[in-house]
Peer 1: 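This is the structure, below, for whatever I ask next.
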Amino acid sequence: MSTAAPALLTLVLPDGATREVAPGTLAREVVGTIGQRLLRDAIAVSVDGEVQDLMTPIRVGGAFTVITQKDPRALAVLRHSGAHILATAVRRLRPDAKIGFGPAIDDGFYYDFEVATPFTPEDLEAFDAEMRKVAAEAFPFVREEIDQVAGRARFADDPLKLERLAELGADEVISTYTDGPFVDLCRGPHVPDTSYLKHFKLLHTAGAYWRGDERRQMLQRIYATAFWKAEDLEAHLHRIEEAKRRDHRVVGKALDLFMFHPFAPGAAFWTERGTTMVNALNDYLRELQRDGYAEIKTPLLYNKGLWETSGHWGKYRENMFLVLDAETKEHDFSLKPMNCPSHYLMYLNKKHSYRELPLRYNTYDVLHRNEVSGALSGLTRVRQFQQDDCHIFLMESQIADEVKALTRFILSYYETFGLTARLKFATRPEQRVGDDAMWDRAEGALRAALEATGYAYELKPGDGAFYGPKIDFDVTDSIGRAWQLGTIQLDYAAPERFDLQYVGDDNHTHRPVVIHRAVSGSFERFMAILIEHFAGAFPVWLAPEQLRILPLSDDLAEVAQAVTKRFRDAGVRAHLDQAESLNYRIRQAEVAKVPYMAVIGKREAESAQLAIRVRGAGKKQEIVSVEAFLERITQEIATRALTPAGGES
RNA sequence: GCCACAGUAGCUCAGGGGUAGAGCACUCGAUUCGUAAUCGAGCGGUCGUCGGUUCAAUUCCGACCUGUGGCUCCA
């Protein structure tokens, strides 16, 4: 802050009006000049695009907007304050707790504490109750700007805060926020006082490394969420419940799709029903890749020589399952964690002409990656998985067309399931191979190809693979969660390492480029997403059981058996169920989420008809002839129709 | 791998220092049924594993295994 009389700052309000204020004027004062009612409703302000709270001095001019509860940015302010209120409560009940960081996050907020004994669920209840007291006390959030010396004195008992303080540069404003008994080193912004926090819930505790560094101490993190309105909080908790209901581990067990066993941690056992689905996916991909792709199979186990050539032995060994060689007594072999090196060996096996390019090797081989035990989770994170992998060898001049075709391919595959994807374009990372000219060419080609598709994409600078830029496909499921599935990666490094070549039309040898491509990532993860996306109510073509045939009484067994055979002969996965009452069997079929039920009573038996009940459609039934329904269901299967979609129970 | 929590019948879960219970599933019998659970009977568990404390452990303690939520990592 300079001592000379500073020039006034000009703030431009949304309606075009302006305010001339002296630097250091508090935002609150400016809002007060607009209206007292607005001041009451104000949570924070936006100055020149930056959110700051009402207690913060204005230092720059520019567009000035008042942020009220209606503004989505206000929620992050509330949640950040919620984190402070949580810390206030924790400090009151556990004065020994050292404070770490407490930011707002996507769905709420958290605060990290360093404590001698970890928090228990009972502690959480006590903190919740204490937070309500702190909120009721309506402590104002008081902002102070201090210097390093004062900061070190104030946080003398909080080593984590001192560490953060020491990192702040001389030109940075050091600010603290105080609410009642609690002071925190914090940039803000905050709501005016603690009473703004009304609708919140502490969710769970978790360990978290200080600064996210596994070499540092483990702190105790408390996760929580907060909203402006009770109904928003309710809705959020309901969404959590809904996600739990759709959890693929729950649904997979209920629908008997897969299992795990302690003897094979991180590796799925697929039941007959689950295998049927995986095979349906596999068949579909094979059909899509019938032309222009060369499906190959390569070994699962390799001598370390391959991994030394590929670089995995140095960079990836931690994640590889090493196998003891009986003769050498050394871990000279490893299960493959990726397909690419073996595909390069296949490519090297013969000489290639430019006429063969692009050459696409695709495979469904099984891969093994030795994930740390704590990382495993259902089907989404496993140690053994099947990837729909493809490596494309091509000339640089072919990159644009190829990427365009691959992007279309991947997106249209997702569309079959009603899944939409967001594209992310990731550029050169800090750690990389190849010169800038190569990266310019690669990024230029990939980006041009991406733009040619016409799809919108986000930029992720510096997030590319070390060997080349990539396009990632983030799929959003029916309840709005994003999963990274497909990827298209340009690789200029592998062709060098493996000395890949082709003979050009000039009769000289050239270096091809490699594209790594995955569509569903892994069958395991993709199945998890599909299970949760459809909540187990799969499209007919994918459903492990497509039609359940329910004769009304035993004397119709013969007719029902003949009808079942008719459908099975036509390739429909039909099953006959003659047990128990009709009501009971209908309930069983609904619970099993079988898309179609065909009831055969005396009337239907006499007229070669079926009383069709569609999953989730309730009592509404259609009487159709056996042949007409056979035509309809085989059409739906052949076209991979999404219907009968929905049908929640 | 690290922190916390959990593991009781096929599933969902109750219980608790004196070796266990419900519903569903399963089996059998009766019922032959018109759109989400017919009735009855029966079977089923060395309470995750190993060790310790105790007269006695499924219960208390410890280690390990597996899972869950996170951290880290990632398809």
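Chain A is the first sequence line, chain B the second, and so forth, proteins listed ahead of strands; every chain is numbered from 1.
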Peer 1: Using a cut-off of 4.0 Å on non-hydrogen atoms, how would the nucleic acid contact of Asp554(A) be classed: base, sugar-phosphate, or nothing?
Peer 2: base
Peer 1: Quote, to the nearest angstrom, the C1' distance that separates A57(B) from G67(B).
Peer 2: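 Their C1' atoms lie roughly 24 Å apart.
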Peer 1: Pick the C1' atom in A30(B) and in C13(B), then give their distance to the nearest Å.
Peer 2: 31 Å
Peer 1: Does one side chain, of Thr276(A) or Asn279(A), offer a donor that lies under 3.5 Å from an acceptor on the other?
Peer 2: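 Short answer, no.
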Peer 1: Could a donor-acceptor pair under 3.5 angstrom be found where the side chain of Arg381(A) meets the base of C73(B)?
Peer 2: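 Between C73(B) and Arg381(A), which were checked side chain against base, a qualifying N/O pair under 3.5 Å is present.
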Peer 1: Give a yes or no on this: more than 12 heavy atoms of other residues, nucleotides or ligands lie within 6.0 Å of atom CD of Glu558(A).
Peer 2: no
Peer 1: In dot-bracket notation, what is the pairing pattern of RNA chain B, taking Watson-Crick (N1-N3 plus N6-O4 or O6-N4) and G-U wobble (N1-O2 and O6-N3) contacts under 3.5 Å, with [ ] crossing and | for other strands?
Peer 2: (((((((..((((....[..)))).(((((.......))))).....(((((..]....))))))))))))....
Peer 1: For Arg221(A), answer base if it contacts any base atom (sugar-phosphate contacts may also be present), sugar-phosphate if it contacts only those atoms, and nothing otherwise; contact means non-hydrogen atoms under 4.0 Å.
Peer 2: sugar-phosphate
Peer 1: Starting at atom OH of Tyr584(A), determine the distance to atom P of G34(B), rounded to an integer number of angstrom.
Peer 2: 18 Å
Peer 1: One thing to verify: whether Arg245(A) and Glu241(A) come together as a salt bridge, which I'm taking to mean a side-chain N less than 4.0 angstrom from a carboxylate O.
Peer 2: no
Peer 1: Pairs of donor and acceptor atoms involving the side chains of residues 257-274 of chain A, under 3.5 Å and at least two apart or interchain, shall be tabulated with distances.
Peer 2:
unit_1	atom_1	unit_2	atom_2	d
His261(A)	ND1	Phe263(A)	N	3.0
Thr271(A)	OG1	Asp256(A)	O	2.6
Thr271(A)	OG1	Leu257(A)	O	2.9
Thr271(A)	OG1	Arg273(A)	N	3.4
Thr271(A)	OG1	Gly274(A)	N	3.2
Arg273(A)	NE	Leu255(A)	O	3.2
Arg273(A)	NH1	Glu545(A)	OE1	3.3

Peer 1: Below 3.5 Å, does any donor atom in the side chain of Gln220(A) face an acceptor in the base of G70(B), or the other way round?
Peer 2: no
Peer 1: Starting at the 5' end of RNA chain B and moving along, which residue's nearest nucleotide shows up first, Met218(A) or Arg585(A)?
Peer 2: Met218(A)
Peer 1: Using a 4.0 Å heavy-atom cut-off, does Ala589(A) contact any base of the nucleic acid, only the sugar-phosphate backbone, or nothing at all?
Peer 2: nothing
Peer 1: Verify the ring-centre separation between Phe127(A) and Tyr111(A): is it less than 6.0 angstrom?
Peer 2: no
Peer 1: Which part of the nucleic acid, if any, lies within contact of Lys602(A), taking any heavy atom under 4.0 Å across all strands shown: a base, the sugar-phosphate backbone alone, or nothing?
Peer 2: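 Base contact - Lys602(A) has a heavy atom under 4.0 Å of at least one base atom.
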Peer 1: Within the 4.0 Å heavy-atom criterion, would you say Ala518(A) contacts the bases, only the backbone, or no part of the nucleic acid?
Peer 2: nothing
Peer 1: Once you apply a heavy-atom cut-off of 4.0 Å, does Glu622(A) come out as touching a base, just sugar-phosphate, or nothing?
Peer 2: nothing
Peer 1: Does Glu580(A) reach a base, just sugar-phosphate, or nothing at all? Heavy atoms under 4.0 Å.
Peer 2: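 Base, at least one base atom sits under 4.0 Å.
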Peer 1: Taking NZ, NE, NH1 and NH2 as the nitrogens, is one of them in Asp365(A) or Lys336(A) under 4.0 Å from a carboxylate oxygen of the other?
Peer 2: yes
Peer 1: Under 6.0 Å between the ring centres of Tyr223(A) and His204(A)?
Peer 2: yes
Peer 1: Counting the benzene-type ring for Trp, do Phe200(A) and Phe109(A) have ring centres under 6.0 Å apart?
Peer 2: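 Ring centroids of Phe200(A) and Phe109(A) are no less than 6.0 Å from each other.
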Peer 1: Kindly indicate whether the side chain of Gln588(A) and the base of A25(B) share any N or O donor-acceptor pair separated by less than 3.5 Å?
Peer 2: no
Peer 1: Is there a donor and acceptor pair, one atom on the side chain of Tyr110(A) and one on the base of G70(B), closer than 3.5 Å?
Peer 2: no
Peer 1: Within a 6.0 Å radius of atom CG on Asp213(A), are there more than 12 heavy atoms belonging to other residues, nucleotides or ligands?
Peer 2: yes
Peer 1: How would you summarise protein contacts on nucleotides 60-69 of chain B per nucleotide, using B for base, S for sugar-phosphate only and - for none, with heavy-atom distances below 4.0 Å?
Peer 2: ------SSSB
